[in-house]
Amino acid sequence: MTMDFPPGFLWGAATAAYQVEGAAREDGRTPSIWDTFARTPGRVLGGDTGDTATDHYHRRHQDVGLMAELGLGAYRFSVSWPRVQPTGRGPASRRGLDFYRALADDLLAHGIAPVLTLYHWDLPQELESAGGWPERETAYRFADYAHLVGEALGDRVGLWTTLNEPWCSAFLGYASGVHAPGRTDDEAALRAAHHLNLAHGLAARALRAVLPAGARLTVALNPSAVRARTPSPGDADASRRIDGLSTRIFTEPMLRGTYPADLLADTAAITDWSFVRDGDTDVIKHPLDALGINYYAPSVVSAATDNRPARDADGHGGERSPWPGATGVAFHQPPGKRTAMGWAVDPTGLYDLLMRFTREAPGLPLIVTENGAAYDDKPGADGAVHDPERIAYLHAHLGAVLRALTDGADVRGYFLWSLLDNFEWAYGYSKRFGAVYVDYATQARTPKSSARWYARVIRTGRLSPS
Ligand code: FCB
């Protein structure tokens with residue numbers, strides 16, 4: 001197996017608006033569902049909010065300098081919808097768009113390709129108050145927003161991502177409620193999943209209409225690398241159900257224009273899916289230029305003897321299940337090393353997903369749009385932050401990418417999650433995923449040893465043997 005990445009391989013790092021920007025009340029930005037959720041006591045660990053986050057809104061220039069030091073070829077960021085279209089409808093905010101124009105200009109000046117995600121979970125609160133993702137109207141609002149951002153940034157951004165991890169938006173947001181908006185309604189979650197799919201298709205169409213011909217479109221999904229605990233028929237069926245609810249609910253309409261029959265059957269007691277209208281799946285199946293895969297850890301499932309709703313064992317937490325219709329499924333922690341999230345370290349899950357989509361979507365390039373690990377990093381006496389576990393994690397997962405490349409997967413790029421330590425959703429600032437350490441009291445940035453390690457991989461285009 002080669003240790004070299006192909007020429008032109010896109011080396012990146014990723015962040016998301018609410019997790020890094022701060023400036024929550026500046027320049028006309030209105031609250032998103034994450035502002036409301038985080039400001040509600042008890043929702044986020046330690047009462048943390050994204051009000052200041054890593055202050056990237058004001059430190060953009062310095063942060064792009066850090067990216068240049070790392071030698072990044074690309075930076076994946078998301079646009080805050082309520083910053084550029086404060087009420088979720090109607091005219092754009094010039095000041096909001098100016099921030100992203102300036103960010104893109106800074107990146108381009110350093111030879112770093114801007115990779116833009118339209119939606120990384122921060123729905124304008126006004127749209128949630130009007131019903132949120134369970135309402136079909138939200139999909140049309142998203143398409144308008146996509147059009148407006150496409151028009152403003154199409155001259156600067158070549159790679160566009162519609163949604164980030166719609167599974168989390170639908171099922172953590174509306175079923176288990178551990179993410180904003182914190183609702184716990186299984187039917188609403190399934191409606192949300194469909195309207196996110198529809199939003200993706202409508203936005204892809206809107207973007208195509210305004211973007212230059214060479215622009216590329218993608219979506220960042222978090223398909224689960226789900227494994228049956230044993231080969232027994234019961235465990236295999238548990239795995240099939242979770243695969244339907246986590247992965248095929250998005251990939252089948254997006255890639256094939258249909259919802260899987262087994263998913264509809266599994267969820268029949270919750271909904272008849274009559275919210276899917278004629279023609280919707282044709283809209284959702286809009287041609288993509290690449291499929292974005294976010295991967296952290298695999299899941300192991302078995303048939304449960306009780307009939308309780310399925311619950312994750314991988315740190316998604318919550319009192320309620322994020323798996324509507326998946327009663328009788330038990331989740332298990334795979335043995336072996338874990339990250340500070342409690343997630344298993346298992347790069348074979350990434351390999352398996354890359355090979356799966358190589359088979360299931362032949363001809364569609366793949367991009368690892370997120371991969372990384374949280375550890376309890378602390379500066380040492382010398383002020384340096386040594387994170388050998390993260391280096392080992394990244395090394396192993398880049399090894400999985402190389403193995404997939406060797407076996408025929410068309411992987412075009414890899415984005416480390418995350419450039420900086422940041423606001424890790426319901427875990428607040430307690431989990432550090434960054435290659436760069438952030439001291440939240442001073443906002444000082446210190447590249448960890450993994451940042452230097454990653455810079456060397458980027459510079460040489462090669463993974464040295466561990
Ligand atoms: C993913 C999210 C990203 C980050 C990582 C750890 O699910 O897309 O924002 O929180 O997990």
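Reckoned from all heavy atoms, side chains included, excluding hydrogens, waters and symmetry mates. One-based numbering, in listed order, for ligands and for the atoms of each. Nothing here was measured: the structure is a model prediction, and the numbers come from that model.
Classified by interplanar angle (parallel below 30°, tilted 30° to 60°, perpendicular above 60°), the ring pair Trp453/His395 is tilted. Using cut-offs of 30° and 60° for the angle between ring planes, the Phe423 and Tyr429 rings count as perpendicular. Using cut-offs of 30° and 60° for the angle between ring planes, the Trp34 and Trp425 rings count as tilted.
Atom numbering of ligand 1 starts at 1 in the shown order; those under 4.0 Å from a heavy atom of Phe433 are 6 (C). Against a heavy-atom cut-off of under 4.0 Å, Glu424 is close to the following atoms of ligand 1: 4 (C), 6 (C), 10 (O). Counting atoms of ligand 1 from 1 in the listed order, those under 4.0 Å from a heavy atom of His120 are 2 (C), 3 (C), 8 (O), 9 (O). Taking every heavy atom of Trp425 and a limit of under 4.0 angstrom, the matching atoms of ligand 1 come to 3 (C), 4 (C), 9 (O), 10 (O).
The shortest N or O to N or O distance between Trp343 and ligand 1 is not under 3.5 Å. The shortest N or O to N or O distance between Asn164 and ligand 1 is under 3.5 Å.
At a 4.0 Å heavy-atom cut-off, ligand 1 touches Glu370 through the side chain alone.
The side-chain tip of Arg403 points at the ring of Tyr351 from less than 6.0 angstrom away and within 45° of straight on. For the pair Arg248 and Tyr259, the cation-pi test (distance below 6.0 Å, angle within 45°) is failed.
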Side chain to side chain contact (heavy atoms under 4.5 Å, CB included), that's the test. Do Val84 and Tyr145 meet it? Break it down for me.
CA-CA 8 Å; Val84 304; Tyr145 156 68; 3.4 Å; yes
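Ligand 1 is never approached by Met341 to a heavy-atom distance shorter than 4.0 Å.
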